[in-house]
Amino acid sequence: MNEIVIIARIIPEDGQSDLVRAAIEELAFASREEAGNKGYDVFVSPNRRSEFLIHEIWSGAQAIINHGRMSHMVRFKEAVNGKAQISVQKLAKL
């Protein structure tokens, strides 16, 4: 199975940083417990404390599909909808 890395960059809208941060913390805690998760780290920019980067490692495509269906992922999406700009990159090891 090929591991897949996901890098998500999350920038809260003005005034939404605390809400977005709390949602990220809940998501990270639950995601680390999922089958197929091999790593889940959250970083914050030292220059812009409200800019977050999530680095995820998954065992394969099915693990990512399952992750997207998890209740904590659904709650995260609902919580940050319209409150943050999110960009996601999926990468595979060479």
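Here the structure is a predicted model, which is why all the values come from computation and not from measurement.
In plain terms, the two heavy atoms of L19 and A79 that are nearest each other are CD2-O, 3.4 Å. Nearest heavy atoms, R32 versus N37: CA-OD1, 3.7 Å. E3 approaches I57 most closely through the heavy-atom pair OE1-CG2, 3.7 Å. Among all heavy-atom pairs drawn from A61 and I4, the shortest one is N-CD1, 3.5 Å. Taking each heavy atom of G68 and K77 in turn, the nearest pair found is O-NZ, 4.4 Å. The nearest pair of heavy atoms linking E56 to W58 is OE1-NE1, 2.8 Å.
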Worksheet item: Between I10 and V20, does a side-chain contact (heavy atoms from CB on, under 4.5 Å) hold up when you go through it step by step?
Response: CA-CA 9 Å; I10 303 169; V20 171; 3.8 Å; yes
Practice prompt. Show your working on side-chain contact (heavy atoms from CB on, under 4.5 Å) between Q85 and R9 and close with a plain yes or no.
Written response: CA-CA 8 Å; Q85 298 173 24; R9 184 173 178 229; over 6 Å; no
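Note that CD1 of I24 is 11.5 Å distant from OG of S31, once rounded to the nearest 0.5 Å. Interatomic distance, CD of Q16 versus OG of S50, reported as 11.0 Å (0.5 Å rounding).
Each of Y40 and V5 belongs to its own hydrophobic cluster when Ile, Leu, Val, Met, Phe, Trp and Tyr are linked at side-chain heavy-atom distances under 4.5 angstrom. Following chains of ILVMFWY side-chain contacts shorter than 4.5 Å, one can reach L53 starting from L91, so the two form part of one hydrophobic cluster. Both F52 and V88 are members of a single hydrophobic cluster when ILVMFWY side chains are connected at heavy-atom separations under 4.5 Å. In terms of hydrophobic clustering, with Ile, Leu, Val, Met, Phe, Trp and Tyr side chains grouped at heavy-atom distances under 4.5 Å, I11 and F76 are assigned to different clusters.
In the displayed structure, F43 atom CZ is contacted under 6.0 Å by more than 12 heavy atoms of other residues, nucleotides or ligands.
Between H72 and H67, the two ring planes are tilted [angle within 30° to 60°].
The shortest distance between side-chain heavy atoms of I54 and I6 does not fall below 4.5 Å.
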